[in-house]
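For reference, the structure discussed in these notes is given below.
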Amino acid sequence: MRITRNTLETTPGPSNWFTGAVYVDTVATPSNGSRLSASSVHFTPGARTAWHTHPNGQTIYVTEGIGLVQRRGGPIEVVRPGDRVFFEPGEEHWHGAAPDRFMTHLAMLDVDDEGNSASWGEHVTDEQYGQQPG
Ligand code: MN
C-alpha cells in the first residue's frame, strides 16, 4: 500500500487542449506496468476540451455540475453527476461544462504502448458548442 498525500498542485489545462479555464488534479499516473491514467478535471462554465481521440478509449464519470459531451457526427448530450460516458478507441469527441455551470469529472484511460493518452485536434468553436443538445 502506498498513500500519496494531497500535495500535488492543481494545474491549469493547457490552452492548446482546452477552451476556457480548466483545472486538473492528478489521480493516477502510469507506472511500473500499470497503464492507468486518471485525473479529476474541473471545467468552469463554458470551458471544454478540444476535439480529440484516445488510443484505448476513455471513461469519464461526472462528479459535480452539469456537463456536455459530443462525438463527431452526433448530437451534444447533457451529462450529470453519476453519469458515465465511454468514448471508443479512436472516436473523435469533446467534453466540457454547460455554458452556465461548473462541471467536474473523473477521467480514466489506459495509455498506449508509447505512453500516449490522447491525440488532440482543433478547438470546439463557439458555434459547435452552442448547438442545442439532442
Ligand atoms: Mn476525452
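Quick note: residue numbers are just sequence positions, from 1. Read the numbers this way: they start at 1 and go in the same order the structure lists the ligands and their atoms.
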Degrees at the Mn ion (ligand 1) between the NE2 atom of H93 and the NE2 atom of H52, nearest 10°: 90°
Have a look at the Mn ion (ligand 1) and estimate, to 10 degrees, the angle subtended by OE1 (Q58) and NE2 (H95). 90°
How are the rings of H95 and H54 set to each other: parallel, tilted or perpendicular (split at 30° and 60°)? tilted
Six-ring centre of F43, R48 cation under 6.0 angstrom, axis tolerance 45°: no
Minimum-distance atom from the Mn ion (ligand 1) among N, O or S atoms of H54: NE2
Got an N, O or S from T49 under 2.8 Å of the Mn ion (ligand 1)? no
Salt-bridged, R35 to E114, with N to O below 4.0 Å? no
Return the minimal non-hydrogen interatomic distance between A47 and V22, and the atom names on each side. CB-CG2, 3.7 Å
